[in-house]
Amino acid sequence: MDEDYYKTLEINKSAIAADIKKAYRCLALKFHPNSSKEAGSAERFRQLGEAYDVLSDPRKKATYDRFGLEGLKGGIPPEFGRGGAWSSKYAYHGDPEKTFKQFFGGDNPFAVFSANDVPLQFVGLQPVVVKTQDPPIERDLELSLDDLFHGCTKKIKIYRNVMNEGGSCNVKDKILTIDLGPNSIPADIVFIVRQKSHPLFERQDDDLINQTQISLEMALTGFSVSVQTIDGRLINIPINDIVHPRYSKVVPGEGMPLFQDPSQRGDLIIYFDIQFPEKLSVDRKHLIKKALR
């Protein structure tokens with residue numbers, strides 16, 4: 001008899017993504033080898049992993065809902081895949097523990113954790129890792145360069161799984177306030193700062209890298225370039241040298257604050273992308289040759 005992924009997760013076909021996640025969270029904790037030694041728990045845990053792997057993926061779910069298990073695992077004609085369906089043959093990787101760890105982000109969901117209602121803080125611009133009896137719970141905290149430069153306050157919702165005596169579980173949530181600034185008090189939840197991309201700058205240690213396009217005429221004759229700094233100021237930089245492909249201009253003190261001394265800053269390094277003309281008339285070529293003799 002074909003396996004019914006919805007029955008496996010004890011939900012109906014109208015379940016939304018949040019329902020699927022909640023169902024997997026509770027049942028995976030209940031039947032995980034660390035919490036259940038009953039006969040058949042290992043197979044039940046594997047079935048839960050496969051069911052979640054399919055129903056949590058919109059394309060796989062669309063194929064399963066329309067073509068059933070046979071269409072999902074046997075493959076469907078490519079023309080039916082235009083609406084987002086999974087047109088390849090699906091096969092579960094067979095490692096429910098891998099699915100479990102991906103879902104919980106590598107955390108230990110069986111560790112009991114708590115947090116005071118006071119704001120959590122970081123020292124300077126670096127997160128603080130605290131050694132506790134149980135492994136710390138880690139969460140990625142994505143911040144822009146602007147957040148890292150100016151400092152900010154973020155609110156993060158975390159979840160706690162509470163197992164009941166009957167084997168079921170309830171999910172409780174808590175909102176934590178994280179201050180990115182000095183004078184921090186370490187906490188037992190570790191937020192890992194992940195820097196997001198910035199439209200103007202790339203970060204290289206404490207320096208900021210900026211790419212600016214200029215014309216060949218500007219590169220040969222000199223020019224002034226206006227660059228917006230990370231803190232919103234507009235600075236004008238005169239360039240009097242001939243700009244070659246490896247040319248760069250260093251503006252001291254316009255980079256990121258130094259971790260050891262936030263009153264000091266790294267440099268802003270400007271690289272110039274020279275835009276060559278696509279075509280030149282015969283007269284222009286003659287004038288250029290004459291000028292470069």
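Please read these numbers as outputs of a predicted model, since none were measured by experiment.
- Both Val251 and Val243 belong to a common hydrophobic cluster when Ile, Leu, Val, Met, Phe, Trp and Tyr are linked at side-chain heavy-atom distances under 4.5 angstrom.
- You'll find the side chain of His32 reaches within 4.5 Å of the side chain of Glu97, heavy atoms only.
- The cluster map of Ile, Leu, Val, Met, Phe, Trp and Tyr, joined by side-chain heavy atoms under 4.5 Å apart, puts Ile242 and Tyr247 in the same cluster.
- For the atom pair CG of Asn240 and OG of Ser224, the computed distance is 7.5 Å after rounding to the nearest 0.5 Å.
- Side-chain contact annotation: Thr99 with Tyr92, donor-acceptor N/O pair under 3.5 Å present.
- The distance from the NZ atom of Lys22 to the CG atom of Leu9 is 13.5 Å, given to the nearest 0.5 Å.
- Rounded to the nearest 0.5 Å, atoms NZ (Lys60) and OH (Tyr5) are 9.5 Å apart.
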Please walk me through it: do Tyr90 and Glu50 pass side-chain contact (heavy atoms from CB on, under 4.5 Å)? CA-CA 11 Å; Tyr90 167 74; Glu50 181 174 338; 4.0 Å; yes
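- For the pair Gln228/Arg233, no side-chain contact is recorded, criterion being any heavy-atom separation below 4.5 Å from C-beta on.
- Proximity of Glu43 to Phe31: side-chain heavy atoms (C-beta onward) are nowhere separated by under 4.5 Å.
- For Tyr52, the ring pair (Phe, Tyr, Trp, His ring centres under 6.0 Å) test picks out Tyr24, Phe103, with sequence neighbours left out.
- Using a 4.5 Å heavy-atom threshold, the side chains of Leu29 and Phe100 count as touching.
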What pairs of donor and acceptor atoms, side-chain ones from residues 267-274 against any protein atom, are under 3.5 angstrom apart with sequence neighbours left out?
from, atom 1, to, atom 2, distance (Å)
Asp267, OD1, Gly253, N, 3.2
Asp273, OD1, Gln275, NE2, 3.3
Asp273, OD2, Gln275, NE2, 3.0

Report, one line per pair, each donor and acceptor closer than 3.5 Å where one atom sits in a side chain of residues 214-223; sequence neighbours left out.
from, atom 1, to, atom 2, distance (Å)
Ser215, OG, Met218, N, 3.2
Thr221, OG1, Glu217, O, 2.6

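- In plain terms, the two heavy atoms of Gly266 and Leu258 that are nearest each other are N-CD2, 3.9 Å.
- Cluster membership check: Leu208 shares its hydrophobic cluster with Val225, using side-chain heavy-atom separations under 4.5 Å among Ile, Leu, Val, Met, Phe, Trp and Tyr.
- Within the structure, salt bridge (Lys or Arg N to Asp or Glu O under 4.0 Å) pairs that include any residue of residues 282-291 do not occur (at least two apart or interchain).
- Here the side chains of Leu145 and Lys196 are not in contact, with every heavy-atom distance at 4.5 Å or above.
- Between Arg265 and Met256 the shortest side-chain heavy-atom distance does not fall below 4.5 Å.
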Applying side chain to side chain donor-acceptor pair (under 3.5 Å) to His93 and Asp53, what does each step give before you reach the verdict? CA-CA 9 Å; His93 51 67; Asp53 186 60; 4.7 Å; no
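- Residues Ala28 and Leu48 come closest through the heavy atom pair N-CD1, 3.9 Å.
- Atoms CG and NZ, from Asp241 and Lys249 in turn, are 7.0 Å apart once rounded to the nearest 0.5 Å.
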Show your reasoning for whether salt bridge (Lys or Arg N to Asp or Glu O under 4.0 Å) applies to Asp65 and Lys61. CA-CA 6 Å; Asp65 288 345; Lys61 182 177 182 296; 3.0 Å; yes
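- Leu72 and Tyr6 fall within a single hydrophobic cluster, where Ile, Leu, Val, Met, Phe, Trp and Tyr are joined by side-chain heavy atoms under 4.5 Å apart, directly or via other members.
- Contact record, Ser36 with Lys30: CB-O, 3.2 Å, taken as the closest heavy-atom pair.
- Taking both residues in full, the closest heavy atoms of Asp261 and Ser263 are given as OD1-OG, 2.6 Å, listed atom of the first, atom of the second, then distance.
- In this structure Glu202 satisfies the salt bridge (charged side-chain N to carboxylate O under 4.0 Å, His left out) test with no other residue, sequence neighbours excluded.
- Considering all non-hydrogen atoms of both residues, Ile230 and Gly255 come closest at CG2-O, 4.3 Å.
- Atom CD of residue Gln211 and atom OG of residue Ser248 lie 10.0 Å apart, to the nearest 0.5 angstrom.
- Put simply, CG on Asp19 and CG on Leu55 are 11.5 Å apart, with the number rounded to the nearest 0.5 Å.
- In this structure, Phe276 is a member of the same hydrophobic cluster as Ile239, with clusters built from ILVMFWY side-chain heavy atoms closer than 4.5 Å.
- A side-chain donor-acceptor contact under 3.5 Å links Ser226 and Asn236.
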Using the salt bridge (Lys or Arg N to Asp or Glu O under 4.0 Å) rule, take Arg44 and Glu10 through it: C-alpha gap first, then chi angles, then the decisive distance, then the call. CA-CA 12 Å; Arg44 184 83 163 92; Glu10 300 179 8; 3.1 Å; yes
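- With sequence neighbours excluded, the residues forming a side chain to side chain donor-acceptor pair (under 3.5 Å) with Asn210 are Thr212, listed by chain and number.
- Here the shortest heavy-atom pairing between Tyr64 and Val54 reads CB-CG1, 4.2 Å.
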